[in-house]
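Naming convention: chains lettered A, B, ... in sequence-line order (proteins, then strands); numbering from 1 in each chain.
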Protein chains: 2
Amino acid sequence: MATIRDIAKITGYSVTTVSRVINNHPYVTKEKKDHINQVIKEMNYVPNQTARNLSSGKSQNIGVLVPFINQPYYDQMLKGINKAAFENDYRVTLLPTDFDPEIEMGYLEEFSAKGFDGLIVVTRANHLEVFDDYRQYGPIVFCEEADGSHCGAAYPDITGSMMKVLSYFKDKGIKRVGLTLGRDNRLSCNSKTAIALCQEYFPEFTTDDIMWNCHDLTKGKAAAAFFKERGVDAILANGDEIAAIILKEYEGGKAPLIVGRDNLLVGEMLGLPTVDHQLIQCGETAFNLFYEESSEKIKQPFEFIKR
Amino acid sequence: MATIRDIAKITGYSVTTVSRVINNHPYVTKEKKDHINQVIKEMNYVPNQTARNLSSGKSQNIGVLVPFINQPYYDQMLKGINKAAFENDYRVTLLPTDFDPEIEMGYLEEFSAKGFDGLIVVTRANHLEVFDDYRQYGPIVFCEEADGSHCGAAYPDITGSMMKVLSYFKDKGIKRVGLTLGRDNRLSCNSKTAIALCQEYFPEFTTDDIMWNCHDLTKGKAAAAFFKERGVDAILANGDEIAAIILKEYEGGKAPLIVGRDNLLVGEMLGLPTVDHQLIQCGETAFNLFYEESSEKIKQPFEFIKR
DNA sequence: TTGTACGCGTTATCAC
DNA sequence: GTGATAACGCGTACAA
């Protein structure tokens, strides 16, 4: 593989001059420039990106921490992040955590090894404060509420949408609400908020009416059976797919009022109410916060789709 | 940011010795090792990954070329690739092409700049031969049929599944078949094959019964109208989501026999027949081919789900 | 306008 | 066991 020095030797010019040509810097006569460019083409020379990164201290590459691939919520975020990154000539590296705190810590170490110019944390498995220590290595942006953190955040307004849905439930005369949640982990602020809000709007609500760990579709059927037994008349699901499966299980009988969370086709097809949290836009904003090195917290507006 | 030289200076040992400790190499007395390790911890020193990459000539990072993010077909592939990569301690960088040949060429240039140890091409926008020139920079693996290429390939058996579905159509007494396709591009071998097979099984089939460019759900309604007008009695759709939308549009009237292509929840909910092409497994295999530097061509078995 | 020489941070070779 | 020192390939003061 040819190096810049080879080009210098062959053309008879110095490494600097060749470098100038490569990077379109001024102060090179057209004549030399042409000659060098020609040799570069002939030799099939391409500047080594790693060497450039080392020299510049940057890599035009960000890491995105996300628990899973191929799940609607995360894929939508990823789409937005990726779109903005592409537009700004950045690369996106996937860092799947499976919600494992140790795996996540490993990525933070990689970050401190200057593996990425910045990090976008779609969902975290460690405490918020842990991340502040790593701000020194580059911008970190969350896609969750991150109050008290020094990092930026662009996040869906889950709280707002839940309040909207719950008050809708009240208007509809709902008596007893069931809830599906993704993580039984205390780290999930969304889960905590959800419970608090349910209790606020429905004082009789207890955690007994929660179906935990619904980030797997196989949980859908079990959830339906669970809610049937408990006799809830409305369900706030943590995703359209879970909502769909639950609805299907009620087929024939009288189904409760089920609301999903990510405005997917399956919800539309089944006529399920849902919330569009504008996750793609959210991802775009997250990247932009990284790009502008901003630590602003931006809450993304949502849309309640009643159907 | 502390460097290996700082550690050497502080401990009083040489850079070499420090490097040995970092990389767990032999020939270091436990005493020195402990001392060095302690200073490393105190100084919060982490070896710079870029420097290591430059020195070793590797990056433990592969690029994945894929037209879009957040589309079932590609997300499933991505999931498989990502899983295998994670297990082998590799990172995955997303390289979205939007089917644009020039963008794709840009990624190939990045590859030749040693930006990635290897490339997985889920779908390409350039001719197959183009890629052979870049084999010199590392393994390239396709997730499509790649006959005649020197690169490896792990791909879904679209041909096989289509034959199965088409003969199923014949058994069911279908007279006229409609087809939805993703690209009107001549590069898409799948599209070409699909047309050929339709003509083989249904000699009266013409390209007039094809709805092109269906990789956007907004095309679904138009497709339904199109097929209604043409009066087909079976539709082979290029995805469960498209299939679902088309079915929905026929609601009330007599719908044709519609078959999807990626075994999604929405298809299951609507009772649509589909094909499971085992894309996740396919992605895993693709990564393994890269990892083993193999140029084998592996066709992934499929499952026809009749419903 | 051009070139020399050094820095970026690590790993590997080889002499001691 | 240990330590200089030369790669790795590029960018860039600074001198000319």
**Q** What does the B/S/- profile of nucleotides 9-16 of chain C look like, 5' to 3', with a 4.0 Å heavy-atom cutoff to protein?
**A** BBBBB---

**Q** In this structure, how many angstroms lie between the P atom of D:dG1 and the NZ atom of B:K30, rounded?
**A**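 Rounding to the nearest Å, NZ of B:K30 and P of D:dG1 are 14 Å apart.
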
**Q** Establish, from distance only, whether the side-chain atoms of A:R52 and A:N23 form a donor-acceptor pair under 3.5 Å.
**A**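 Yes, A:N23 and A:R52 have a side-chain donor paired with an acceptor closer than 3.5 Å.
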
**Q** In whole angstrom, give the distance that lies between atom NZ of A:K9 and atom C1' of D:dG9.
**A**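 Between C1' of D:dG9 and NZ of A:K9: 13 Å.
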
**Q** To the nearest Å, how far apart are B:N53 CG and C:dC8 P?
**A**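 The distance from CG of B:N53 to P of C:dC8 comes to 18 Å, rounded to the nearest Å.
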
**Q** Respond yes when some side-chain nitrogen or oxygen of A:T17 is under 4.0 Å from OP1 or OP2 of C:dG3, and no when none is.
**A**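 Affirmative; the distance criterion is met.
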
**Q** How close or far is atom P of D:dC14 from atom OH of A:Y27, stated in whole angstroms?
**A**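 Interatomic distance, OH of A:Y27 to P of D:dC14: 16 Å.
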
**Q** Locate the shortest heavy-atom distance separating B:Y73 from B:P156; write the atom from each residue and the value.
**A**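 So the two residues come closest at OH-CG, 3.4 Å.
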
**Q** Any chance the side chains of B:N53 and B:Q49 put a donor and an acceptor closer than 3.5 Å?
**A**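 Result is yes, a qualifying pair exists.
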
**Q** Determine to 10° how strongly the helix from C:dT1-D:dA16 to C:dC16-D:dG1 is bent, judged from the axes of its five-pair ends.
**A**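 The angle separating the two end axes equals 40°.
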
**Q** Pick one: which of B:E145, B:E104, B:E144 meets salt bridge (charged side-chain N to carboxylate O under 4.0 Å, His left out) with B:R124?
**A**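 Looking at B:E145, B:E104, B:E144, the match for B:R124 under the salt bridge (charged side-chain N to carboxylate O under 4.0 Å, His left out) is B:E144.
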
**Q** Taking OP1 and OP2 of D:dT2, is either one under 4.0 Å from a side-chain nitrogen or oxygen of B:K32?
**A**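 Yes, because at least one side-chain N or O of B:K32 sits under 4.0 Å from OP1 or OP2 of D:dT2.
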
**Q** Could you walk me through whether A:F99 and A:F68 pass the side-chain contact (heavy atoms from CB on, under 4.5 Å) test, one step at a time?
**A** CA-CA 8 Å; A:F99 278 129; A:F68 315 106; 3.8 Å; yes

**Q** Below 30° counts as parallel, above 60° as perpendicular, anything between as tilted: where do the rings of B:Y134 and B:Y137 land?
**A**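 If you compare the ring of B:Y134 with that of B:Y137, the planes turn out tilted.
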
**Q** Using the test side chain to side chain donor-acceptor pair (under 3.5 Å), find all partners of A:Q76 that sit at least two apart in sequence or belong to another chain.
**A**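 None.
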
**Q** Rounded to whole Å, how long is the line connecting atom CD1 of A:I7 with atom P of C:dG3?
**A**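 After rounding, the gap between these two atoms is 15 Å.
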
**Q** Are there over 12 heavy-atom neighbours, none belonging to B:K299, within less than 6.0 Å of that residue's NZ?
**A**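 No, because the 6.0 Å sphere around NZ of B:K299 holds 12 heavy atoms or fewer from other groups.
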
